Trainee: 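Below is a structure I'd like to ask you about.
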Amino acid sequence: MLTSAGIGSGLDINQLVNDLVNAEAEPKTALLDKKEATITAKISAYGLLKSALSELKSSLSTLAESNTYNTRSATSSDKSIFTATADSTAVFGNYNIEVSQLAEAHKLSSTGFTDSATVVGTGSLTLSVGSNSFTLTIDDSNKTLAGIRDAINNASDNTGVTATIINVDDGASGTESRLVLTSNDTGSNNNITVTAVNGGEGDLQQLVYDPLPGSGTTNLVERNPAQDAIVLIDNQTVTSNSNILSNAIDGISISLLDADPGTSYTLDVNLNTSSITKAVNNLIENYNSYNETIFSITGYDETGSGALIGDALARSANNQIRQQLTFTVSSISGDFNSLASIGITTNKDGSLSLDSSKLEDAIKNDITSVTNLFTADDGIAKRLDNTLNEYVKSNGIVDSKTQSLNDSIDDLTEQREQLAIRLEAFQTRLFDQFIAMDVLIAQLKETGNYLTNALANLPKPNSISK
């Protein structure tokens, strides 16, 4: 009885069966590998296509927004004196601006104390900013100069005063500490006043500042008066408690930085073309990136062909996009009714180029037509956006195609599993056949050996007795 494959025949049955199974598997596996590689390459290419289409679509949102074409620029002739911004309601024009006076915050300081730990007194302090006030209780916990500073700053009902301590020369080769009170807001209506009621220790009256006409007490020194900004706009006086003029000219906010009485500067308000050119350049940049992508996945060059060469979906998307870019907007009666008319042209390689001077000329001469070219219901931005949306939206055209390819990958996985099952059965069948052959050969050898021995033991003819 045989105990190892090949003993009877002398053949390496294991190797022989493996070689036959591999020979059966290789072409079928290679075919499945090729199909999978092709499908995987297409899935990757569709991913690149969707990404490029999405980027192109993102550049359309600004172009389709009417505010892109309504922005204004406000330019100061000297930005060290004032700067300005303008919204879409600002009227184009030029203004003469003279900054006579900046708005200032009221600032007071005390006389000198030995240091911040010096006891000032106990009792109560009432601080007012304009018509609003708050009162502090000053006791043993906060009766020092530093304690009063902290009590002011930490008061929950503080109406707009910040307290600090500065250490300055005392005039005798030493230093002294002073309490400084500053209004948080500028303007003449934000004057600080301080009144005090003394308690049992010290003298809080040192911090009183209540300059009433005739009988006022001013134990604090006014370091900076509260004042409004004064500006002449086209020789007309404007006052403001802030250095930001938001209502002096409709749609324009002016930030005052320095005063220069007697000198007039200019403020120019014009259409801000940079927002339009930026949006147009963004469209061109994203389209050219898309154009490179579509060629890489559908074109052919010396390095080979793209994964989607001849693909109907990619070809359809590209044709529709090109048609939209060459579309003439029928709702525009003026000359600027196409991309070519404002300086956007197509190169031989399919990319776009911009003639900036032609775009600037179109904006200058007919901003309405340029606006409608992109924003009208039949405008290029909205039409192209609708086209692209069908391809890139969730479960859109590209997603559906990608899902179909993923299903094909799943089908190939099933085919591989079925092939493995068939090859296992084929291997078993071969082993059975070769084992049977091996047994038969062994039996035949055993029979042959028996016959050979039997024949060898037969009497020779000349040895037979007569």
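Keep in mind that this is a model prediction, so the values were computed, not measured.
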Trainee: When you compare the side chain of I321 with that of L56, does any pair of heavy atoms fall below 4.5 Å?
Mentor: yes

Trainee: Quick check: does any side chain N or O of N198 sit under 3.5 Å from a backbone N or O of L204, one acting as donor and the other as acceptor?
Mentor: yes

Trainee: Taking salt bridge (Lys or Arg N to Asp or Glu O under 4.0 Å) as the cut-off, I'd like each qualifying pair that reaches into residues 367-384, sequence neighbours left out, listed once.
Mentor: D377-K382

Trainee: With side chains defined as the heavy atoms from C-beta onward, is the minimum distance between D258 and V99 less than 4.5 Å?
Mentor: no

Trainee: With the side chain counted from C-beta on, respond yes when L207 and L220 share a heavy-atom pair under 4.5 Å apart, and no when they do not.
Mentor: yes

Trainee: Do N288 and E292 get their side chains close enough for a donor-acceptor pair, meaning under 3.5 Å?
Mentor: no

Trainee: Can you find a pair of side-chain heavy atoms, one from L108 and one from V180, that are under 4.5 Å apart?
Mentor: no

Trainee: Can you find a heavy atom in the side chain of L136 that is under 4.5 Å from one in the side chain of I152?
Mentor: yes

Trainee: For I252 versus A86, what's the shortest heavy-atom pair and its separation?
Mentor: CG1-CB, 4.2 Å

Trainee: Measure across L352 and I284 and return the closest heavy-atom pair with its distance rounded to 0.1 Å.
Mentor: O-CG2, 3.6 Å

Trainee: Using a strict cut-off of less than 4.0 Å between a Lys/Arg side-chain nitrogen and an Asp/Glu carboxylate oxygen, indicate whether D33 and R416 qualify as a salt bridge.
Mentor: yes

Trainee: Quick one, I276 and I367 - any side-chain contact, counting heavy atoms below 4.5 Å?
Mentor: yes

Trainee: Can you confirm whether the side chains of E222 and H106 place a donor and an acceptor under 3.5 Å from each other?
Mentor: yes

Trainee: Answer with yes or no whether the side chains of Y265 and D260 bring together a donor and an acceptor at under 3.5 Å.
Mentor: yes

Trainee: To check you understand the geometry: which heavy-atom pair defines the closest contact between D228 and N241, and what is its length?
Mentor: OD1-CA, 3.4 Å

Trainee: Taking the side chain as everything from C-beta on, heavy atoms only, tell me whether V120 gets closer than 4.5 Å to I148.
Mentor: yes

Trainee: Less than 3.5 Å apart, any donor N or O on the side chain of S110 or R178 sitting next to an acceptor on the other?
Mentor: no

Trainee: Going by atom types only, do S51 and Y290 share a side-chain donor-acceptor pair under 3.5 Å?
Mentor: no

Trainee: Determine, for E55 against K57, whether the closest basic-nitrogen to carboxylate-oxygen distance falls under 4.0 angstrom.
Mentor: no

Trainee: Cut-off 3.5 Å, side chains only: do T126 and T135 have a donor facing an acceptor?
Mentor: yes

Trainee: How long is the gap from CG on L181 to NZ on K107, to the nearest 0.5 Å?
Mentor: 10.5 Å

Trainee: Could you check whether D210 and T217, counting side-chain N and O atoms only, form a donor-acceptor pair closer than 3.5 Å?
Mentor: no

Trainee: Classify the ring geometry of Y69 against F374: parallel below 30°, tilted from 30° to 60°, perpendicular beyond 60°.
Mentor: parallel

Trainee: Should the pair D399-K50 be classified as a salt bridge under the 4.0 Å nitrogen-to-oxygen rule?
Mentor: yes

Trainee: Could you check whether N167 and S177, counting side-chain N and O atoms only, form a donor-acceptor pair closer than 3.5 Å?
Mentor: yes

Trainee: Ignoring hydrogens and angles, state whether a donor on the side chain of T375 or S66 is under 3.5 Å from an acceptor on the partner side chain.
Mentor: no

Trainee: Which heavy atom of A103 sits nearest to which heavy atom of N243, and what is that distance?
Mentor: N-OD1, 2.7 Å

Trainee: Are the side chains of D140 and T122 in touch, meaning some heavy atoms are under 4.5 Å apart?
Mentor: yes

